[in-house]
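For reference, the structure discussed in these notes is given below.
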Amino acid sequence: RLGNIDMGRRQFLRALELYQRALKIREKAWGPDNPKTAATLARLGLAYTEMGSYDKALPLVQRSLAIREKALGPDAPGTAESLAILASLKRQTGAHAEALPLAQRALKIREKTLGPEHPRTADTLDLLAMIYQQQGAMYKALPLAEKSLKIKEKRLGPNHPETAKTQRLLGVIQQGQKDYTRAEASF
């Protein structure tokens with residue numbers, strides 16, 4: 001949990017150390033193929049992704065996904081988390097064609113298990129919007145970001161940092177559409 005707090009504070013090196021320590025403990029206590037171990041693998045992979053260490057992140061996230069699919073099933077919330085992290089990693093490395101189906105699958109799972117208006121569902125909408133935006137498909141990205149923003153404003157409030165991130169994403173998409181008036185209002 002401390003690692004999650006550090007991730008939120010963007011203190012990735014500290015989070016990385018905590019996740020590495022937690023991984024050793026969980027592997028020893030529950031074994032290498034336990035869903036709790038997989039959760040730590042996913043978070044460790046996310047920390048490496050945020051630090052730009054994609055080569056270190058990829059095998060961790062892939063392992064996390066394989067464990068979760070086997071232990072929890074293909075439609076479990078934990079599986080969706082690993083899918084979303086892997087999709088984000090693929091997006092950040094420019095592998096948009098690989099990222100898209102992963103993010104779409106994560107979205108379907110989250111809509112089904114968490115509900116269509118859950119903040120994690122909104123996060124996945126943001127991820128899909130970023131993939132489309134980076135592919136230049138602004139017309140696909142825009143409604144996803146708008147939907148996410150409505151969810152976050154309703155569930156988290158208009159002044160929450162996650163709401164602000166989505167508002168900024170919306171501005172980037174509007175700028176990509178050359179809708180500078182709306183983009184300026186979004187920033």
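What you are looking at is a predicted structure, and each value in this text was computed from that prediction instead of being measured.
In this structure the side chain of Gln92 reaches within 4.5 angstrom of the side chain of Ser88, judged on heavy atoms. Side-chain atoms of Lys90 and Leu58, non-hydrogen and from C-beta on, do get closer than 4.5 Å to each other. Residues Arg105 and Pro74 have side chains in contact (heavy-atom distance under 4.5 Å, counting atoms from C-beta outward). Under the 4.5 Å side-chain criterion, counting only non-hydrogen atoms from C-beta, Glu81 is in contact with Arg43. Proximity of Tyr48 to Asp55: side-chain heavy atoms (C-beta onward) are nowhere separated by under 4.5 Å. At a threshold of 4.5 Å between non-hydrogen side-chain atoms, the residues Asp33 and Thr37 do not count as touching. When side chains are defined from C-beta on, Leu83 counts as touching Leu65, because their heavy atoms get closer than 4.5 Å.
Across all their heavy atoms, Gly45 and Val61 have their closest contact at CA-CG2, 3.7 Å. Minimum interatomic distance between Thr163 and Pro158 (heavy atoms only, all atoms of both residues): CG2-O, 3.9 Å. Smallest separation of non-hydrogen atoms from Ala103 and Ala87: N-CB, 3.7 Å.
Rounded to the nearest 0.5 Å, atoms NZ (Lys147) and CG (Leu128) are 10.5 Å apart. The line from CZ of Arg120 to CD1 of Ile151 is 14.0 Å long, rounded to the nearest 0.5 Å. Here the OH atom belonging to Tyr139 is positioned 13.5 Å from the CD1 atom belonging to Ile173, to the nearest 0.5 angstrom. Distance check, rounded to the nearest 0.5 Å: CD of Gln167 to CD of Glu146 gives 10.0 Å. The CG atom of Leu149 sits 12.5 Å away from atom CG of Leu144, with the distance rounded to the nearest 0.5 Å. Rounding to the nearest 0.5 Å gives a distance of 13.0 Å between CE of Met130 and CD of Gln135.
No side-chain donor-acceptor contact under 3.5 Å links Thr166 and Glu162. Looking only at atom types and distance, the side chain of Arg68 has a donor-acceptor partner in the side chain of Ser82 under 3.5 Å away.
Side chain of Thr49 to backbone of Leu89: no donor-acceptor contact under 3.5 angstrom is found. The backbone N or O of Ala39 sits nowhere less than 3.5 Å from a side-chain atom of Ser64 that would complete a donor-acceptor pair.
No salt bridge links Asp75 with Lys108; every basic N to acidic carboxylate O contact stays at or beyond 4.0 Å. Classification of Arg155 and Glu117 as a salt-bridged pair fails, no side-chain N sitting under 4.0 Å from a carboxylate O. Checked for salt-bridge contact, Glu98 and Arg91 miss the test: no charged N lies under 4.0 Å from a carboxylate O. Ion pairing between a basic and an acidic side chain is recognised when a charged N comes within 4.0 Å of a carboxylate O; Arg63 and Glu27 show such pairing. The pair Asp126-Lys152 meets the salt-bridge criterion, since a charged nitrogen lies less than 4.0 angstrom from a carboxylate oxygen.
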Under the side chain to side chain contact (heavy atoms under 4.5 Å, CB included) criterion, do Tyr19 and Leu46 qualify, and how do the steps go?
CA-CA 10 Å; Tyr19 290 141; Leu46 179 61; over 6 Å; no

Item to check | Chi angles and distances behind the side chain to side chain contact (heavy atoms under 4.5 Å, CB included) call for Gln174, Leu142 | outcome: CA-CA 7 Å; Gln174 291 164 334; Leu142 184 65; 4.1 Å; yes

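The same ILVMFWY cluster, assembled from side-chain heavy atoms under 4.5 Å apart, contains both Leu23 and Ile67. Note: the hydrophobic cluster containing Met51 also contains Leu60 (ILVMFWY, side chain heavy atoms under 4.5 Å, direct or indirect links).
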